[in-house]
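Working notes for the structure below.
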Amino acid sequence: MSAPTATAAAEPMNRRQTLEALSGLLLVLFVAMLSSTVVSTALPKIIGALNGSQTQYTWVVTATLLTATATTPIWGKLADLFNKKLLIQVAIVVFLAGSVAAGFAHSAGQLIAARAFQGIGVGGLQALVQVAIAAMIPPRERGRYNGYLGGVMALATVGGPLLGGLIVDTSWLGWRWCFFVGVPVAVIALILLQVTLHLPTARRDNVKIDYLGATLIAAGVSLLLVWISFVDDSFAWLSWQTGAMVGGSVLLLALAVLVESRAAEPVVPLEIVRERTTALAILGSLAVGMAMFGGAVFLGQYFQIGRGYSPTEAGLLTIPMMAGVLLSSIVAGRLITASGKIKPYIVAGSVILVAGFALLGTIDHETSLVVVGAAMFVVGVGVGMTMQNLVLAVQNTVALKDIGAASSTVAFFRSLGGTIGVSVLGAVLARRVTDRITHDLAAAGIPTSGGSGGSTLNLAALPEPVRNIVRAAYGDATGHIFLISAAIAVVGILAALLLKPVTLRSSLDLPDTARSVAVAADAVDGAPAFDEVAVDVTGPGERARR
């Protein structure tokens, strides 16, 4: 790896400078989240207007997650090599182009393609905002700013569905404005970042970008996710298509590991991934992503199709979840900053997340909204205590020069888990709904078309008896996928319990003495020692004793 030739001093900003820079970064994060949440309640009407199917409904979400996932580690590695501010602005431009293309889509296929392109920008925004914040604020102090992050998450996740519902319920706007609405916000963020964000750039000679590794990772992950989306629908689990896709994905990812182990500037540095805290945070993020994205993305569908509420009402009904995210992220963030301890909050959040999904697993099309709201609040509390703190735990263990790769690696696996969760749970939901509708139509003596039920999302075109059967099928099947989410989230508890109890450091970078001790410790026992030394920079006598 080429050594930096000129690096600005890694000194923390004062509070005013930090808040000014955060204003643009938080707006960027808001735009990225809004792109997903604004369509969550509007998507049933969008797919209905485009005469799409349940599979296409899932793919409108999956396409964005897939490309965001595949490109996240690439953006993160570029942030370690080039100007972070410029990269964020490039990601915003890509996001804008995808948003405009999605707004002009005239078929479900075009919409999916535009959302896939939009996901490239989203992947950059999700990774680079975390990297920029890590370059500005020391890990221990970052806890107090988690409240701002939680507030943005809550605003985007509550305001997004509500805004999307209002847009599709307003005749003179129409669903296309669900994609256009983020454009002016992104332009404002672009300008604000130009004025407020000033980060030092580590300039390196002979920079080598691992294009081969990036291509192999993107291709391997994409092929795996395509298989997950179509298996048991377009072809059987045991089929030549399964063998070709799974075998091809494993081969591509194995080659990626080989290339990464030999690359001068690997996209995903294996020495960081092998570090205990990072490995466990990756496992926890994978589980949280699968459970959270895979389950929550179908809540809007549950309220509209399963319960018969309008898109606007469905957006309002998601407020309890975001209230939980906001409250827990603020409280946990301040407690983490005060104590410097992070593991207890990640463990507690993981347990609460499982409990919340278990409660949601009991719902059907007649469950009291009070019960549904309480369960969503519990899930929100779990998300607020785990998602950002898993990234923070990893950022605490690495040097500032590797913060981009480390942060994006965790975000990559969280997005990968989310993409897998949406694909798998969407397939489970589609299968259970189809079976239930077919059974109930036959029991009611209503003839079926023999198709896949691909048009069942357009309820306005269905007769009243059939509409009631479809609503009951969706309402009852949704509880089942939340039970699966709870089972997946148990893995997050195990990962959290195995994390080392550490105290967050108060410096932006690892102290030189800490790095030298870590290297010495590695030579002795072969185990990374960043966790122990990141906050215990001892004197010469103590180092000699150790």
Side-chain angles (χ1 to χ4, degrees), residues 29 33 126 130 133-134 137 139-158 277 280-296 318-360 373-396 407 410-411 413-414 417-418 421 482 485-486 488-504:
L29 184 62
M33 293 192 65
Q126 290 176 341
Q130 294 282 355
I133 291 175
I137 309 170
R140 182 158 180 171
E141 292 301 312
R142 218 168 295 151
R144 74 172 57 180
Y145 293 99
N146 275 351
Y148 297 108
L149 293 173
V152 169
M153 289 175 60
L155 180 61
T157 315
V158 172
T277 297
L280 290 172
I282 284 172
L283 184 61
S285 295
L286 192 66
V288 169
M290 289 182 69
M292 184 186 67
F293 289 107
T318 61
I319 288 178
M321 179 180 288
M322 292 314 104
V325 172
L326 177 59
L327 180 64
S328 64
S329 61
I330 291 175
V331 174
R334 292 193 173 276
L335 291 175
I336 288 170
T337 294
S339 66
K341 305 296 183 183
I342 193 170
K343 177 178 176 178
Y345 303 98
I346 296 177
V347 173
S350 301
V351 173
I352 292 171
L353 185 63
V354 172
F357 277 123
L359 288 173
L360 281 178
M376 288 194 299
F377 177 81
V378 175
V379 169
V381 171
V383 170
M385 295 179 69
T386 55
M387 193 165 66
Q388 295 300 325
N389 289 330
L390 284 169
V391 178
L392 180 55
V394 172
Q395 291 174 340
N396 184 64
S407 302
V410 178
F413 282 98
R414 185 175 64 221
F482 284 126
S485 296
I488 294 171
V490 171
V491 178
I493 297 178
L494 300 177
L497 289 172
L498 292 173
L499 285 171
K500 289 182 180 179
V502 299
T503 304
L504 299 179

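Reckoned from all heavy atoms, side chains included, excluding hydrogens, waters and symmetry mates.
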Roughly how far, to the nearest 0.5 Å, is the [atom2] atom of [Y] from the [atom1] atom of [X]?
X: Asn389; Y: Ser328; atom1: CG; atom2: OG; answer: 9.0 Å
X: Leu283; Y: Leu498; atom1: CG; atom2: CG; answer: 8.5 Å
X: Leu392; Y: Ile133; atom1: CG; atom2: CD1; answer: 11.0 Å
X: Thr337; Y: Ile342; atom1: OG1; atom2: CD1; answer: 9.5 Å

Mind listing the closest non-hydrogen atom pair of [X] and [Y] along with its distance?
X: Tyr345; Y: Ile336; result: CD1-CG1, 3.5 Å
X: Ala495; Y: Gly284; result: CB-N, 3.8 Å
X: Met385; Y: Ala332; result: CG-CB, 4.3 Å
X: Val379; Y: Phe357; result: CG2-N, 3.6 Å

- Look at the side chain of Ser329 and the backbone N and O of Gly384, then say whether any donor-acceptor pair between them is shorter than 3.5 Å. no

- Task: Among Leu390, Leu280, Val394, find the residue that satisfies the side chain to side chain contact (heavy atoms under 4.5 Å, CB included) test when tested with Ser285.
- Result: Leu390

- Ile346, Leu353, Ile352 screened by side chain to side chain contact (heavy atoms under 4.5 Å, CB included) with Ser350, the one that passes: Ile346

- Item | Results of side chain to side chain contact (heavy atoms under 4.5 Å, CB included) for Val331 - residues two or more places apart only | Leu327, Leu335

- Query: Partners of Val347 by side chain to side chain contact (heavy atoms under 4.5 Å, CB included), sequence neighbours excluded?
  - Reply: Lys343, Ala496, Leu497

